[in-house]
Amino acid sequence: MKGLWRDVVLLFGWWKKGIQSRIPDLAYPLWIGLILLIFLFANDSALLEASRYNDESSWIHQLARGISHWGDFYTGSLIIVGLIWAMGWIRKRRSWRMAALSILAAAATAGIAVNVVRLTVGRPRPSSGLPDGLYGLHWDSGYHGFPSGHAATSMGTASAVAYCYPPVAVPALILGFSVCWSRIELNRHHWTDILAGSGLGITCGYLLAYRRRKRHPSE
């Protein structure tokens with residue numbers, strides 16, 4: 001436990017120094033994302049209908065179910081974090097353990113932020129059958145469409161993994177995007193739900209991911 005606490009303290013020090021320097025890099029991407037959200041919102045239903053296979057018995061739909069299940073925070077992000085942390089503990093690599101903790105922080109922060117927003121916004125999921133709109137505070141999950149929690153946590157995890165370990169950036173991001181696709185195919189979210197959730201996840205991943213810069217014997 002002492003080692004874990006030292007890793008957390010070191011990671012907080014790294015965040016304190018690094019986050020401010022990264023925030024300016026996000027200005028243009030966030031503005032572009034906001035413009036896309038505004039533009040796509042009015043066409044969400046048409047885009048969703050055009051991009052879904054619409055056959056629940058097809059192998060594509062079943063694949064989407066599997067990806068969606070294993071791409072959730074508890075069945076996806078936590079498993080990845082646990083594996084990386086365990087490898088760091090076995091091989092006595094502090095940088096690996098810190099990377100695992102930072103990936104967990106990115107996914108968890110994105111997930112918490114999404115839950116706060118969608119609880120108060122109250123946009124229905126496409127599968128709810130309700131007219132699209134913003135209904136305000138609702139506890140019913142049928143009104144928790146915007147933003148997508150799966151998109152936020154999967155892309156938070158994927159982008160953090162990509163930043164911590166650049167050689168696996170492409171497969172990590174492909175897996176993250178496949179989770180986003182699965183939520184569209186399953187009719188659980190509109191495209192703007194996915195875009196907002198993904199943007200939030202990528203932002204958290206970029207700001208909170210840790211990458212060792214100098215080699216040290218303890219790393």
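Residues Ser102 and Leu11 are in side-chain contact: their nearest non-hydrogen atoms beyond the backbone lie under 4.5 Å apart. Between His190 and Pro126, the closest side-chain pair of non-hydrogen atoms falls below 4.5 Å. Side-chain contact check for Leu83 versus Ile79: some heavy-atom pair is nearer than 4.5 Å. The closest side-chain heavy-atom distance from Ser148 to Cys180 is not below 4.5 Å. Residues Trp96 and Tyr210 form no side-chain contact, since every pair of their non-hydrogen atoms from C-beta on lies 4.5 Å or further apart. Leu134 has its side chain out of reach of Phe146: every pair of non-hydrogen atoms, C-beta onward, lies at least 4.5 Å apart. For the pair Leu104/Phe73, a side-chain contact is recorded, criterion being any heavy-atom separation below 4.5 Å from C-beta on. Side-chain contact between Tyr143 and Leu130: present, with at least one pair of heavy atoms (C-beta onward) separated by less than 4.5 Å.
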Please step through ring-ring contact (aromatic ring centres under 6.0 Å, His included) for the pair Trp31 and Tyr28, ending with a clear verdict. CA-CA 5 Å; Trp31 274 111; Tyr28 286 116; 9.4 Å; no
Would you check, one step at a time, whether the test salt bridge (charged side-chain N to carboxylate O under 4.0 Å, His left out) holds for Arg125 with Asp132? CA-CA 8 Å; Arg125 298 177 185 272; Asp132 194 15; over 6 Å; no
Verify side chain to side chain contact (heavy atoms under 4.5 Å, CB included) between Leu207 and Thr203, making sure each step is shown before the conclusion. CA-CA 6 Å; Leu207 291 177; Thr203 298; 3.9 Å; yes
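Rounded to the nearest 0.5 Å, atoms CD (Glu56) and CZ (Arg65) are 6.0 Å apart. Considering CG of Leu10 and CH2 of Trp14, their distance stands at 10.5 Å, rounded to 0.5 Å. Taking CH2 of Trp85 as the start and CG of Asp7 as the end, the distance is 8.0 Å to the nearest 0.5 Å.
A donor-acceptor contact shorter than 3.5 Å links the side chain of Ser51 to the backbone of Leu47. His144 contributes no side-chain N or O that, together with a main-chain N or O of Gly149, makes up a donor-acceptor pair within less than 3.5 Å. Remark: side-chain polar atoms of Thr153 are not paired, donor with acceptor, to backbone N or O of Ala107 under 3.5 angstrom. Within the 3.5 Å criterion, the main-chain N or O of Glu185 finds a donor-acceptor partner in the side chain of Arg52. Asp55 places a side-chain N or O within donor-acceptor distance of the main-chain N or O of Ser57, the cut-off being under 3.5 Å. Proximity of a side-chain donor or acceptor of Ser178 to a complementary backbone N or O of Leu175 within less than 3.5 Å is detected. Judged by distance alone, the side chain of Ser21 and the main-chain N or O of Gly18 form a donor-acceptor pair under 3.5 Å. Listed for the His189 side chain is a donor-acceptor partner under 3.5 Å among the backbone atoms of Gly145.
Of the residues Arg183, Arg123, His150, the one that meets the side-chain hydrogen bond (donor to acceptor under 3.5 Å, both in side chains) test with Asp193 is Arg123.
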